[in-house]
Asks: 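Below is the structure I would like to discuss, written out as structure tokens.
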Amino acid sequence: MEQNTERKKVIFSGIQPTGVFTLGNYLGAIKNWKELQEDYNCIFSVVDLHAITVRQDPAALRKQTLDSVALLLASGIDPQKSVLFMQSHNSAHAELSWVLSCYTQFGELSRMTQFKDKSQRHADNINAGLFTYPVLMAADILLYKTDLVPVGVDQKQHLELARNIAERFNGVYGNVFTVPEPYIPKISAKVMSLADPEKKMSKSDENINGFISLLDDRDTIIRKFKRAVTDSDTCVRYAEGKSGINNLMSIYSSVSGKDFAAIEKEFEGKGYGDFKLCVGECVADALAPIREEFAKLSKDKAYLMSVCSEGAQFARRLSRRTLEKVYHKVGFVKAEN
Ligand code: AQP
């Protein structure tokens with residue numbers, strides 16, 4: 001991160017290496033991150049600590065974490081402008097999370113809808129980490145004196161909790177934490193599954209036809225869009241009860257920059273088949289350069305690791321002061337070495 005950007009507001013955002021990023025991750029988060037780094041001090045983390053709240057295969061997690069770094073770089077995250085690091089490389093996240101968990105109520109965590117959803121989906125592994133996930137997320141944010149956190153609708157509740165924890169702690173110990181505000185991007189899309197448009201598109205979906213991975217090839221992307229679940233109407237228009245078409249229109253709009261009226265006009269008199277093919281081709285064109293860049297970057301592990309170690313050093317430096325202050329406030333004796 002450039003030194004002369006010190007007075008810019010700080011943005012923190014994380015992404016879990018739980019699989020190859022999807023079009024949902026891209027349109028809902030990464031594409032905005034790329035733009036934010038021009039105007040803010042951005043800190044982006046591949047949050048591997050969060051990922052193990054759901055059982056992961058160790059070798060696969062290592063690969064996915066490195067691939068996630070390569071994909072973020074391929075998508076335009078610039079290590080000259082932003083801090084990019086792996087969460088487990090800065091132990092301050094786990095340390096602050098413990099302290100904050102002692103300032104978070106059981107009842108608050110019980111109300112988190114993501115916990116309810118994920119414990120239903122992973123009924124055989126409802127572990128304590130899944131329950132305290134939002135506390136770790138609060139630590140991620142509060143460590144860096146974050147001013148703004150880009151959030152999708154799904155993360156609003158967690159950010160609200162992070163704000164409550166910060167305010168509670170500040171209420172007891174004085175002004176320790178910056179209370180973060182949500183950052184609502186100008187264009188923010190919630191991308192739904194192509195196989196079940198009532199459900200969010202997710203990288204860990206067992207049905208591979210539900211999501212577009214950023215590494216899917218052109219033919220696969222077009223095939224998945226052709227198969228996308230729609231309705232029995234034939235007219236391309238945005239309307240209630242047409243969640244499949246609405247989702248495809250949002251995706252097309254997000255990728256092409258055209259608004260819904262222009263899209264409806266473009267497909268006047270044409271059927272769903274033409275529309276799906278066009279959306280598929282448009283997405284394939286947009287993702288092609290990312291896939292090409294990824295192919296180069298992912299082979300260069302030394303480069304990926306050098307970006308991450310530089311990022312982690314920066315992150316550790318930034319967070320050390322917050323953690324020391326917290327330790328002092330709660331009454332820990334300062335270590336002498
Ligand atoms: N479908 C989506 N539409 C819009 N935004 C999305 N995001 C995720 N899916 C969509 C945004 O991507 C960022 C990183 O998400 P994450 O990987 O940390 O966690 P997630 O939201 O749980 O993403 P997935 O793909 O659904 O992961 P799994 O399958 O592991 O649970 C966040 O800003 C999120 O809003």
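FYI, side chains are in, hydrogens and waters are out, and symmetry mates aren't considered; it's all heavy atoms of this structure. Both ligands and their constituent atoms are indexed starting at 1 by order of listing.
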Asks: Answer with yes or no after comparing the ring centroid distance for Phe131 and Phe106 against a 6.0 Å cut-off, counting only values under it.
Replies: yes

Asks: Is Lys200 in polar range of ligand 1, meaning some N or O pair under 3.5 Å apart?
Replies: yes

Asks: What are the atoms of ligand 1, with element, lying closer than 4.0 Å to any heavy atom of Lys190?
Replies: 3 (N), 4 (C)

Asks: Please compare Ser68, Ala29, Gly19 and report which has the shortest non-hydrogen distance to atom 33 (O) of ligand 1.
Replies: Ala29

Asks: Can you tell me which residue and heavy atom of the protein come closest to atom 14 (C) of ligand 1, and the distance to 0.1 Å?
Replies: Ile15 CG1, 3.5 Å

Asks: Would you check if Tyr183 and Ser13 make a side-chain contact, meaning some heavy-atom pair closer than 4.5 Å?
Replies: no

Asks: Begin with the C-alpha distance, continue with both residues' side-chain angles, and end with the deciding distance and a verdict on side chain to side chain donor-acceptor pair (under 3.5 Å) for Asn207 and Asp205.
Replies: CA-CA 5 Å; Asn207 182 355; Asp205 192 339; 5.6 Å; no

Asks: For Asn25 and ligand 1, does the shortest N/O to N/O distance drop below 3.5 Å?
Replies: yes

Asks: At what distance is the nearest protein heavy atom to atom 31 (O) of ligand 1, and which residue and atom is it?
Replies: Lys118 NZ, 3.4 Å

Asks: Has ligand 1 got any nitrogen or oxygen that is less than 3.5 angstrom from a nitrogen or oxygen of Val47?
Replies: no

Asks: Angle between ring planes, His158 versus Tyr133, binned at 30° and 60°: parallel, tilted or perpendicular?
Replies: tilted

Asks: Does any N/O atom on Lys203 come nearer than 3.5 Å to any N/O atom on ligand 1?
Replies: yes

Asks: Heavy-atom contact check, 4.0 Å cutoff: does Thr22 meet ligand 1?
Replies: no

Asks: Roughly how far, to the nearest 0.5 Å, is NZ of Lys31 from CG of Leu27?
Replies: 6.0 Å

Asks: What protein heavy atom sits nearest atom 18 (O) of ligand 1, and how far off is it?
Replies: Gln16 N, 3.1 Å

Asks: Just say parallel, tilted or perpendicular for the rings of His93 and Phe85, cut-offs at 30° and 60°.
Replies: tilted

Asks: Looking only at heavy atoms of Gln114, does any of them come nearer than 4.0 Å to an atom of ligand 1?
Replies: no

Asks: Measure across Thr146 and Leu148 and return the closest heavy-atom pair with its distance rounded to 0.1 Å.
Replies: CG2-O, 3.2 Å

Asks: How far is atom 28 (P) of ligand 1 from the closest protein heavy atom, and which atom is that?
Replies: Ser204 OG, 3.4 Å

Asks: Just need the protein heavy atom nearest to atom 4 (C) of ligand 1, so name the residue and atom and give the distance.
Replies: Ala189 O, 3.1 Å

Asks: Whether Glu293 and Lys296 form a salt bridge (side-chain N of Lys/Arg under 4.0 Å from carboxylate O of Asp/Glu) is what I want to check.
Replies: yes

Asks: Do Lys270 and Phe267 form a cation-pi contact, if we require the NZ or CZ to be under 6.0 Å from the six-membered ring centre and within 45 degrees of the ring's axis?
Replies: yes

Asks: Note the single closest protein heavy atom to atom 30 (O) of ligand 1, along with its residue, its atom name and the distance in Å.
Replies: Thr18 OG1, 2.7 Å

Asks: Of all the heavy-atom pairs spanning Ile43 and Leu318, show the shortest one and how long it is.
Replies: CD1-CD1, 3.8 Å

Asks: Of the listed options (Lys199, His50, Met201), which comes nearest to atom 9 (N) of ligand 1 when hydrogens are ignored and any heavy atom counts?
Replies: Met201

Asks: With heavy-atom distances below 4.0 Å as the criterion, list the atoms of ligand 1 near Gly28.
Replies: 4 (C), 5 (N)

Asks: Is the closest N or O pair between Val191 and ligand 1 shorter than 3.5 Å?
Replies: yes

Asks: Has ligand 1 got any nitrogen or oxygen that is less than 3.5 angstrom from a nitrogen or oxygen of Gly24?
Replies: yes

Asks: Passes side chain to side chain contact (heavy atoms under 4.5 Å, CB included), Gln87 versus Leu136? Steps please.
Replies: CA-CA 11 Å; Gln87 187 186 26; Leu136 179 58; 3.8 Å; yes

Asks: Going by the angle between their ring planes, with limits at 30° and 60°, are Phe177 and Phe169 parallel, tilted or perpendicular?
Replies: tilted

Asks: Return the residue, atom name and 0.1 Å-rounded distance of the protein heavy atom closest to atom 34 (C) of ligand 1.
Replies: Asp154 OD2, 4.0 Å

Asks: At what distance is the nearest protein heavy atom to atom 26 (O) of ligand 1, and which residue and atom is it?
Replies: Ser202 OG, 2.6 Å

